[in-house]
2 protein chains.
Amino acid sequence: MTGGLSAEELGAYFALMEVGSLLQYAVDAHLRAEGDLSYVQFQILARLADAPEGRLRMTDLADGVVYSRSGLTYQAGLLEKRELITRSSSPDDERSVIVSVTDGGRALVARVLPGHVDDVRRLLFDPMADGDLAAISEVLGRIRRHMRSTPPRSAKPRAKNRRKG
Amino acid sequence: MTGGLSAEELGAYFALMEVGSLLQYAVDAHLRAEGDLSYVQFQILARLADAPEGRLRMTDLADGVVYSRSGLTYQAGLLEKRELITRSSSPDDERSVIVSVTDGGRALVARVLPGHVDDVRRLLFDPMADGDLAAISEVLGRIRRHMRSTPPRSAKPRAKNRRKG
DNA sequence: AAGAAATGCTTTTGATTTGAAGCACGTAGG
DNA sequence: CCTACGTGCTTCAAATCAAAAGCATTTCTT
């Protein structure tokens, strides 16, 4: 069942997946409880709050937050309904939509951020020893760059269909 | 915007989340292309194939695979329809449902496993240098144990509602 | 300048997931 | 035995998400 990965590699792979998954689950639950925000919604607001003028184009906002444009449109609709963001078409390019955080959006981010940070610290960093952070950062950073630069790999011709399953 | 986490901590946090997310996305895409299996479905089959007699109770299978029982019921229905698994009630406890892999299920796992392993190796382990694996394993393992033993933390009374958002 | 192709977003459709409610079986207390 | 409660799974309703199709605008080609 290990089929080409050593026991240690397999363990590291599973640990990575589980840690990421549990962390997201825990953080998500707390964000909902504190501000009725999903993890994705928090990311959108946080990115906007961090952007130069508090605004970004939909496309630029989508990268890294969600795997489809329609998903962002959906979330933007929800956030706009709650008046946490605003949408307007760009003067430069009539196709583009500019998303801006409202004051309410900034306030909400400010309100949930401390709890979010606490969660991450408690779950992820508390169990780390001296030097762990530097080691992890270096390796994970390298892996991330590698993954980003690796092409999405065309599927082999074996495929017959691929809906969401 | 860092609010209590150093720049390096923040970077490590984001890198961890992104690496886990991209890895799952890539692996998922390949599993679909190779065997029309989602990541969750593959996990279910792989666990069953790895279990003593190729069978497990729903409840035992659910742990770690999915965050709700109903989600497992749904996936089990899909896999059963494809005759990759079988469901039958337990003789010991009439309430329990025993899930078993079929020969077809085992064959499918065997067919997609090499590609899956290749993906993980290429994306996750190729960019690692000597010693990285041991370091990562140790730290991630420790964090995982810590997360598992940390109670789900009751939400603070601040909460008003918490649908899926 | 006209048509073709590309870009940016939304709408639509379908799949997956969750929590709540429901149902069946099992266990404990009187 | 009989009721109350607990457990295991499924059904149901609602939410989220992605791919495909659609529409508008812009850019490229000739």
Side-chain angles (χ1 to χ4, degrees), chain A residues 21 24-26 28-29 31-33 36-44 55-82 85-100 152 155 159 161-165, chain B residues 21-22 24-26 28-29 31-33 36-44 55-82 85-99 152 155 159 161-165:
Chain A
S21 169
Q24 174 163 353
Y25 191 77
D28 190 270
L31 287 171
R32 282 176 205 283
D36 199 19
L37 283 177
S38 69
Y39 187 65
V40 170
Q41 290 171 340
F42 172 74
Q43 283 186 101
I44 292 172
R55 51 199 171 78
L56 289 170
R57 293 191 321 156
M58 289 286 280
T59 294
D60 299 329
L61 188 53
D63 298 340
V65 170
V66 95
Y67 287 114
S68 73
R69 296 297 161 76
S70 54
L72 180 56
T73 294
Y74 174 73
Q75 291 295 341
L78 294 182
L79 293 174
E80 191 176 39
K81 207 173 301 175
R82 290 173 61 184
I85 65 168
T86 282
R87 279 187 288 189
S88 60
S89 63
S90 166
D92 302 334
D93 185 336
E94 200 62 31
R95 295 169 303 183
S96 297
V97 170
I98 302 292
V99 184
S100 310
N161 63 55
R162 72 211 78 358
R163 278 236 140 258
K164 258 199 91 177
Chain B
S21 169
L22 287 177
Q24 173 163 354
Y25 191 78
D28 189 271
L31 287 171
R32 284 176 205 282
D36 199 20
L37 284 177
S38 68
Y39 188 65
V40 170
Q41 290 170 341
F42 172 74
Q43 283 186 103
I44 292 172
R55 51 197 171 79
L56 288 171
R57 294 191 319 154
M58 290 286 279
T59 295
D60 299 328
L61 189 52
D63 298 339
V65 169
V66 95
Y67 288 115
S68 73
R69 295 298 160 75
S70 54
L72 180 57
T73 294
Y74 175 75
Q75 290 296 341
L78 294 182
L79 293 174
E80 191 176 38
K81 206 174 301 175
R82 289 172 63 184
I85 66 169
T86 281
R87 277 187 289 188
S88 59
S89 62
S90 167
D92 302 334
D93 186 335
E94 201 62 31
R95 293 169 304 181
S96 296
V97 170
I98 304 290
V99 184
N161 63 54
R162 71 210 81 1
R163 280 234 139 261
K164 260 199 87 178

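Labels below follow one simple rule: chain letters A, B, ... track the order of the sequence lines, proteins then strands, and each chain is numbered from 1.
Q43(B) CD to L61(B) CG: the interatomic distance, rounded to the nearest 0.5 Å, is 10.0 Å. Of the inter-residue distances, the one linking I98(B) atom CD1 with S88(B) atom OG reads 6.5 Å to the nearest 0.5 angstrom. Interatomic distance, CG of L31(A) versus OG of S38(A), reported as 8.0 Å (0.5 Å rounding).
Contacts of S96(A) with the nucleic acid, taken as non-hydrogen atoms under 4.0 Å apart, involve only primed sugar atoms and P, OP1 or OP2.
The interatomic distance linking D28(A) (CG) with dG19(C) (C1') rounds to 14 Å, in whole Å. One interatomic measurement links the two molecules: CD of Q75(A) to C1' of dC17(D), which rounds to 9 Å at whole-angstrom precision. For the pair M58(A) CE and dT11(C) C1', the computed distance is 13 Å after rounding to whole Å. Nucleotide dG8(C) holds its P atom 12 Å from the CD1 atom of I98(A), rounded to whole Å. dT7(D) atom P lies 15 Å from atom CG of D60(B), rounded to whole Å. In this structure, Y74(B) atom OH and dC12(D) atom P are separated by 15 Å, rounded to whole Å. The distance from atom CG of D36(B) to atom C1' of dA15(C) is 12 Å, rounded to the nearest whole Å. Atoms CG (L72(B)) and P (dT7(D)) sit 19 Å apart, rounded to a whole Å.
R82(B) approaches D36(B) most closely through the heavy-atom pair NH1-O, 2.8 Å.
Side chain S70(A) to base dA18(D): a donor-acceptor pair is found below 3.5 Å.
For E80(B), the side-chain hydrogen bond (donor to acceptor under 3.5 Å, both in side chains) partners at least two apart in sequence or on another chain are R87(B). Remark: Y74(B) engages no residue in a side-chain hydrogen bond (donor to acceptor under 3.5 Å, both in side chains) (not counting sequence neighbours).
Side chains of V66(A) and I44(A) form no contact here, defined as non-hydrogen atoms less than 4.5 Å apart.
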Atom pairs under 3.5 Å: protein N/O with N/O of nucleotides 25-29 of chain D:
from	atom 1	to	atom 2	distance (Å)
dT25(D)	O2	R95(A)	NH1	3.3
dT26(D)	OP1	E94(A)	N	3.1

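Among dT18(C), dA19(D), dT10(D), the nucleotide with an atom closest to any side-chain atom of R87(B) is dT10(D).
Distances shorter than 4.0 Å separate some side-chain N or O of R57(B) from OP1 or OP2 on dG8(D).
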